[in-house]
Amino acid sequence: MTPDDLPNVSEVNLAVERAIRLAARSGNRLIAASTASVDLEPGPVRTALVTALRAMGARLRPIGDDVEFSFVESVTGDLDSALRSALGTVPQPGAGLPTLVVGLDGSVRSPRGGSAASRIAWAAAGMPTTARLAEHLVAGGSHAGVRVAVSLVLEPKTAAFARVLADAGCAVAVFSAVSETDPSIAEELARDERISVFAPRTADREQSAKSLDAEHAAGILDWGPEFLIDDGAHLIRLAHSERTAALARLRGAAEETTSGVRPVREMGALGDLRIPVIAVNDARTKTGFDNLVGTGQSCVFAIADVLDDARDRRPYGGIAGTRWAVLGYGPVGQGVARFAAALGADVVVVERDPVRALAALHDGYEAATRATALPEADVVVSATGVWHTLMRQRSRRCATARWSQSPAVSTTRSRSTRCATPAGVSDSSRRAQRHGPLRQPPAPRRCSCSPAAAASTTRRGRATPSK
């Protein structure tokens, strides 16, 4: 059966959604700004696919052009010779990525290998700006021996970045929590003797996540970094509370998230911040692209992955036609709304800032109060970066009201580092939850990955890492 033989609109939409998710997952790429060709016969499937890709920001190209994604009926069919020659190519760092061919029947052909080493190489090939930075650092020659600690989600791109720093002559250490680590990537990175890895590997599974995170967080600060690249400010806060000896050597840090910049600024206002911190989150490329596009796509696709994977418990008909409530209409909320709507969701925004709520209306979404929006929602996403914007009990009451005729997905974790879906609800502020309330008292709060906090805090829900 060809894609255009699908019997109804809902199945057409589901086939299109699965093809787009498969493309993003197989290539570890963004759909927005990518180039794509659609080699399908005219009909409802082609129309729906082209519409969705354009709504996500993809740039459509004629069949036969050099593109990042080529959508066909099936990859087992005859392929254009140019696409055929691209398959199997081993990409070089910064060289760009070859074409990924995706079939509407669920088949895929990708040059990206499945091993950790090949996935890191694939990521490096898709990071041309980082490759240029590496050349600049190596040519400068002034970074030899500088000790840099990297605290980021440990997946292929982070590993490629750590190697760039090592190539520039830096001494590099990488920290990542259990919930944010691909163990195979950690294992592969640890084989590089230039890089110290403070993250879980396959052999570490018997130790509890909380104690392992505490051990690794303390370990990377005891390693003695001069510069710290942080995510969520948990190591910055730990250095100011229970590992203060690290401050003697720390010369500065960078913080990349909204939920991390907020407590750092509060520490600065209270006079408790003892090192300079660059607020990477303030960069226009961060909020306008990483937050809006990257987090928007990854959250929506990850939620769909979870619901689709759970179809044995509740049939999954796709995002099209479902109602999504998005709490917060900053860059992340805008991105979530954009990608959910591109796949056919009916989006309602809950936003207390009247100007942002007005912007949501002008973007084509409904704006409503939480009390009105949540009981009618199939999926609820908190996109605020603030803890407690979505309470478990309230969410369960809403889920019960909405799904009184059929069971909701419960306790299933997504592949995204920013989303999870208990009872059909997603909260993109999970990382903020791990570090405790964001309002800081005069003395810096303990981070939940600190040694003392490991024995005194309850484990909060986490999501598994994106591959």
Side-chain angles (χ1 to χ4, degrees), residues 19-31 34-36 66-72 75-76 79 82-103 106-135 138 150 152-168 172 174 176 178 180-205 294 297-298 301-302 305 415-417 464-467:
I20 293 175
R21 284 162 38 208
L22 178 61
R25 182 171 60 251
S26 300
N28 194 22
R29 304 189 198 178
L30 294 174
I31 300 299
S34 68
T35 54
D66 186 18
V67 293
E68 294 170 72
F69 298 105
S70 175
F71 292 90
V72 298
V75 298
T76 58
L79 297 176
L83 298 182
R84 200 179 289 278
S85 64
L87 297 172
T89 302
V90 179
Q92 297 299 312
L97 297 172
T99 299
L100 186 78
V101 185
V102 180
S107 56
V108 64
R109 192 174 299 172
S110 170
R112 186 176 80 148
S115 69
S118 63
R119 287 190 291 137
I120 294 172
W122 178 269
M127 299 164 64
T129 303
T130 305
R132 289 280 188 89
L133 173 64
E135 294 172 2
V138 171
V150 177
L152 297 172
V153 174
L154 186 45
E155 44 88 42
K157 292 183 290 294
T158 300
F161 175 60
R163 287 181 173 174
V164 163
L165 294 174
D167 290 342
V172 183
V174 177
S176 182
V178 170
E180 298 175 346
T181 299
D182 180 334
S184 65
I185 298 297
E187 192 77 42
E188 178 65 26
L189 191 59
R191 294 192 177 98
D192 191 326
E193 296 181 353
R194 304 169 301 169
I195 301 171
S196 300
V197 177
F198 296 87
R201 307 172 203 176
T202 305
D204 297 328
R205 292 296 178 86
Q297 174 182 303
S298 65
F301 288 11
D305 284 344
R415 295 187 182 90
S416 168
T417 60
T464 54
S466 175
K467 299 294 188 292

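In what follows, every heavy atom counts, from backbone to side chain, and hydrogens, waters and symmetry copies are set aside. As the structure is a prediction and not an experimental result, all values here were calculated from the model.
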Study note, to complete from the structure: Residues at least two apart in sequence or cross-chain that pass side-chain hydrogen bond (donor to acceptor under 3.5 Å, both in side chains) with R29, listed by chain then number, are none

Practice item. Return the set of residues passing side chain to side chain contact (heavy atoms under 4.5 Å, CB included) with S26 (not counting sequence neighbours), or none when no residue passes. Key: L22, L100, V108

Check your understanding: With sequence neighbours left out, what residues match S176 under side-chain hydrogen bond (donor to acceptor under 3.5 Å, both in side chains)?
Key -> T181

Revision key, fill the gap. Note: L154 and A199 closest approach over all heavy atoms is CD2-CB, 3.8 Å

Practice item. Mind checking the CD-CD1 spacing from E155 to I120? Nearest 0.5 Å is all I need. Key: 9.5 Å

Study note, to complete from the structure: Taking every heavy atom of T99 against every heavy atom of V67, the minimum-distance pair comes out as OG1-O, 2.6 Å

Practice item. Could you walk me through whether N28 and K157 pass side-chain contact (heavy atoms from CB on, under 4.5 Å), step by step? Key: CA-CA 10 Å; N28 194 22; K157 292 183 290 294; 3.4 Å; yes

Check your understanding: Do you know the tightest heavy-atom contact between A160 and M127?
Key -> CB-SD, 3.8 Å

Review point. Between R201 and A186, what is the shortest heavy-atom contact and its length?
Key: CG-CB, 4.1 Å

**Study point:** Non-neighbouring partners of D192 that pass side chain to side chain contact (heavy atoms under 4.5 Å, CB included), sequence neighbours left out
**Key:** R163, R194, I195

Revision key, fill the gap. Looking only at heavy atoms, the pair that brings A19 and F71 closest together is O-CE2, 3.8 Å

Practice item. Quickly, which of V138, T130, V172 forms a side-chain contact (heavy atoms from CB on, under 4.5 Å) with V164? Name it, please. Key: T130

Check your understanding: Are the side chain of S118 and the backbone of R112 linked by a donor-acceptor contact shorter than 3.5 Å?
Key -> no

Exercise for review: Output all residues satisfying side-chain hydrogen bond (donor to acceptor under 3.5 Å, both in side chains) with S184, sequence neighbours left out; order by chain, then residue number.
Suggested key: R119, D182

**Study point:** Over all atoms of both residues, closest heavy-atom pair of F69 and L30
**Key:** CE1-O, 3.8 Å

Point to revise | Side-chain donor/acceptor of W122 to backbone N/O of G113, under 3.5 Å | key: no

Check your understanding: Counting only N and O atoms by type, is there a donor-acceptor contact under 3.5 Å from the side chain of R109 to the main-chain atoms of V75?
Key -> yes

Practice item. Starting at CZ of R191, measure out to CD of E188 and round the result to the nearest 0.5 Å. Key: 5.0 Å

Review point. Does A24 have any side chain to side chain contact (heavy atoms under 4.5 Å, CB included) partners at least two apart in sequence or in another chain, and if so, which?
Key: I31, Q297, F301

